[in-house]
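Everything numeric in this text was worked out from a predicted model, so none of it was measured. Throughout, protein chains are lettered first and strands after them, A, B, ... in sequence-line order, and every chain is numbered starting at 1.
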2 protein chains.
Amino acid sequence: MELTERKKKILQLVVDDYIETAQPVSSKSITEKYLTTISSATVRSELSALEELGYLYQPHTSAGRVPSKEAYKLYVNELMVKDNLSTKELDYIEKIFLEKTNSVEEIIKKTAKVISELTQYTSLAISSHDGQEIIRNIKLFRIMPESALLVIVTDTKLFKDAVIELPHDLPDDNLENANNLLAEFFTGKTLAEACADNLKIDESFAGYKAVFSEVIGALKEYVSRSDEVITEGEDKIFEHPEYADIDKIRDFMSVVTKKDKVLNLLSENRSIKLNIKIGAEGYEEIPEHCSLVTATYSANGVDIGTYGVIGPQRMDYKKVVSVLENVGKILEAILTNR
Amino acid sequence: MELTERKKKILQLVVDDYIETAQPVSSKSITEKYLTTISSATVRSELSALEELGYLYQPHTSAGRVPSKEAYKLYVNELMVKDNLSTKELDYIEKIFLEKTNSVEEIIKKTAKVISELTQYTSLAISSHDGQEIIRNIKLFRIMPESALLVIVTDTKLFKDAVIELPHDLPDDNLENANNLLAEFFTGKTLAEACADNLKIDESFAGYKAVFSEVIGALKEYVSRSDEVITEGEDKIFEHPEYADIDKIRDFMSVVTKKDKVLNLLSENRSIKLNIKIGAEGYEEIPEHCSLVTATYSANGVDIGTYGVIGPQRMDYKKVVSVLENVGKILEAILTNR
DNA sequence: TGTTAGCAATCTTTGGCTTTGAGTGCTAAC
DNA sequence: GTTAGCACTCAAAGCCAAAGATTGCTAACA
């Protein structure tokens, strides 16, 4: 059977209506609200055909139709008409990002908040690195006799710090020397280069070999792992009628309250610009009744974070995609220009 | 009417049983499980008296008794027998805290995690300062032409950092000078002294007045506000049968997922060693059906954080209090000794 | 051949009614 | 003061009927 234009149109209407109302869509409501020129009997036969094609199903015989996962997939790929954000919304995004923001953490927190507020869904965020950030400044700062704070500033103008161990009783003068060598050695290199395994540690660094290996360890840790995992608006899920079911809420919360699960979810889509997962799709972290939309943002060609929206399968995809795209555009513009 | 010893005993049994089973306690179950020497009719008349005194109530006529808020209050003050933690539990706490931990953030995260895992309730945590920490080291580190990272190390051996603005085009040499002056001026002072308003900025600092006022601003911010708010085990609430009700879960989540609310809750009890709130008790942040137990820990006479456990009114108070006390003891011992 | 009106069939939802069982309060006896 | 016995109360569960929504099917129509 062929998917005629009219079938597509009706499918789109069903999906849109179901996303809006959370109620199975009847042939009658289609003809009353949208296609007033044809009869409900005609729509009925189309719906019945769409059901046979696997795009719709009925919760029970005397109910309207509900979109299947296949329908949502077709919808996000072909059928949906992206929302245009209001100028109010766009201004809001700009206002937030024009405020001074220096650390990786702050950027991620802010972005997660903006996304959750505009979409009215739960947002997830991790910092992400492809290792292509160039080190602009790197320095150790003693905080205890045997440990130091390593501060790294990269060309995204965001900084990151980590605590490292110092060799036993390293005098302050030597720390100064070590700092000079660190600066000389690492400044201008990308993070990836800085922690490459074949790095030649020059003879002159011999005395600070221990320090260097600690620093490289910290850099590797920074590049390979996101320690910042943020979730915002976890309680937004309660607004959706299909989550009147306590077990679904529990499923949902057992993901969004666990940093390691959120990290896994976002990491796996780190390299993908925009990704839409409808239902679990094999990921054990996503409950079957949920959908996840993720986006990775970058500035100056360098990844700065992966963000996601998690919510019911009946998610307002057109709104979510528009918000993610617009937030990305504005954030990237602001971080690139400064 | 008098609260005889037998009435107290029966009340204790009712509370213990209700905490364990989450079911209204019947006269029959009391005589079967605990007081096998007296008849259920006798217990019934005692229960009826306890109800008249306001300690118990019946969900409906043909149900057993449930403790009132008054009963829980009496229970935590007089009746409960504190749990002894197993050596396994105590070893677990020690093991966690013996790992190297340097930043304020890490300590708080770890402690919140330990408390949640041992109590099986949701834990809340904020960093807290009474301003009595002595500054051991303070330094600025340039991260951009016009901003610097301020790193402060105090005698609790934990560090904290903040980004501050630098005056326009401050040369590196001057930053070095400023650092020397900062060290000279602030080292040895308590945080409270450091941000006292009547601080005399000496003539010789004149050139760095702007830097100093930024630094003092950051110190004030650090002392007055907790920016670190941690929650752990938000999904533990689902384990409790009285939270099969979606509205209660929603109430609960709307508190524990909002950092500002958690901050308010814990801040108000920051100065209190151990505090038990049963029901809202006038705090709009606490749902009426919840209880909150908080504790503030300190090392070397300096506050290091306020922690809380939030859960159903039917909370295992004896376990929670024991865990909070033991975690406090071990944490304080470890932070004091090092 | 596609569209439509009409109608029986299906199945959820709601409300009321009954039964069952747990637990109490009261009374009278010890 | 304690206890056995018993009537009373009320929630919970099961059952049934009525109401309402929506479909699929059929036959007629353009």
Side-chain angles (χ1 to χ4, degrees), chain A residues 1-11 13-15 17-18 20-68 71 241-242 244-246, chain B residues 1-11 13-15 17-18 21-68 71 241-242 244-245:
Chain A
M1 195 179 342
E2 209 186 343
L3 201 54
T4 62
E5 280 308 307
R6 191 172 69 177
K7 283 192 179 58
K8 282 188 186 175
K9 182 68 195 166
I10 288 176
L11 186 56
L13 292 171
V14 171
V15 176
D17 195 80
Y18 185 67
E20 194 191 323
T21 65
Q23 295 296 322
V25 183
S26 70
S27 57
K28 196 171 148 229
S29 72
I30 295 272
T31 56
E32 280 176 354
K33 287 200 222 172
Y34 314 104
L35 301 177
T36 48
T37 56
I38 57 178
S39 80
S40 66
T42 310
V43 174
R44 253 193 317 278
S45 73
E46 294 286 62
L47 290 176
S48 160
L50 283 165
E51 177 158 1
E52 211 165 311
L53 288 164
Y55 292 113
L56 297 175
Y57 68 94
Q58 294 177 277
H60 55 87
T61 353
S62 66
R65 255 77 174 200
V66 172
S68 70
E242 60 266 59
D245 179 347
I246 194 104
Chain B
M1 196 178 343
E2 210 187 344
L3 202 55
T4 61
E5 280 309 306
R6 191 170 72 177
K7 282 194 178 59
K8 282 188 185 174
K9 183 68 196 170
I10 289 176
L11 185 56
L13 292 171
V14 171
V15 176
D17 195 79
Y18 185 67
T21 64
Q23 295 297 323
V25 183
S26 71
S27 57
K28 195 168 148 233
S29 73
I30 296 272
T31 56
E32 280 176 354
K33 285 200 224 169
Y34 313 105
L35 301 177
T36 48
T37 56
I38 58 175
S39 80
S40 68
T42 308
V43 173
R44 241 179 345 263
S45 73
E46 293 286 61
L47 291 176
S48 160
L50 284 164
E51 177 159 1
E52 212 163 310
L53 287 164
Y55 291 113
L56 298 174
Y57 68 94
Q58 292 176 279
H60 55 87
T61 353
S62 66
R65 255 78 177 201
V66 172
S68 68
E242 60 266 58
D245 178 347

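The side chain of A/Thr42 contributes an N or O atom lying less than 4.0 Å from OP1 or OP2 of C/dT4. Side-chain N/O atoms of A/Arg65 include none lying less than 4.0 angstrom from OP1 or OP2 on D/dA21. Note on A/Thr61: every side-chain N or O is 4.0 Å or more away from OP1 and OP2 of C/dT10.
Not one N or O on the side chain of A/Ser29 forms a donor-acceptor pair closer than 3.5 Å with the backbone of A/Val25. Formation of a donor-acceptor pair under 3.5 Å by the B/Ser68 side chain with backbone atoms of B/Gly54 is found in this model.
For a distance-only test at 3.5 Å, the side chain of A/Ser62 qualifies as a donor-acceptor partner of the base of C/dC11.
When the nucleotides D/dT23, C/dT10, C/dC26 are ranked by their closest atom to the side chain of B/Arg44, C/dC26 comes out on top. Nearest to the side chain of A/Ser26, among D/dA11, C/dT3, D/dT23, sits D/dT23. Distance from the side chain of B/Ser27 is smallest to C/dT24 among D/dT3, C/dT24, D/dT23. The listed nucleotides are D/dT23, C/dT10, D/dT2; the one nearest the side chain of A/Leu47 is D/dT23. Between D/dT3, C/dT4, C/dG25, one nucleotide has an atom nearer to the side chain of A/Ala41 than all others, and that is C/dT4. In the set D/dT23, D/dT2, C/dT4, the nucleotide with an atom closest to the side chain of A/Gln58 is D/dT23.
Shown here, C/dT27 forms a base pair with D/dA4; the pair counts as Watson-Crick or G-U wobble because both key distances fall under 3.5 Å.
Residue B/Ser45 is classed as having no contact, given no heavy-atom separation below 4.0 Å to the nucleic acid. In this structure, A/Ser40 reaches neither bases nor backbone, as no heavy-atom distance under 4.0 Å exists between it and the strands shown.
The only member of A/Ser26, A/Ser48, A/Pro59 that meets side-chain contact (heavy atoms from CB on, under 4.5 Å) when paired with A/Arg65 is A/Ser48.
How far OG of A/Ser39 is from CZ of A/Arg44: 7.5 Å, rounded to the nearest 0.5 Å. The line from NZ of A/Lys9 to CZ of A/Arg6 is 13.0 Å long, rounded to the nearest 0.5 Å.
Summary of the strand contacts: B/Glu46 and A/Ser48 both lie near DNA chain D, and taking for each the nucleotide with the nearest heavy atom, the more 5' one is attributed to B/Glu46.
Here the C1' atom of nucleotide D/dT2 and the CG atom of B/Leu35 are 14 Å apart, to the nearest Å. Summarising the geometry, the separation between CZ on A/Arg6 and C1' on C/dT1 is reported as 12 Å, rounded to the nearest angstrom.
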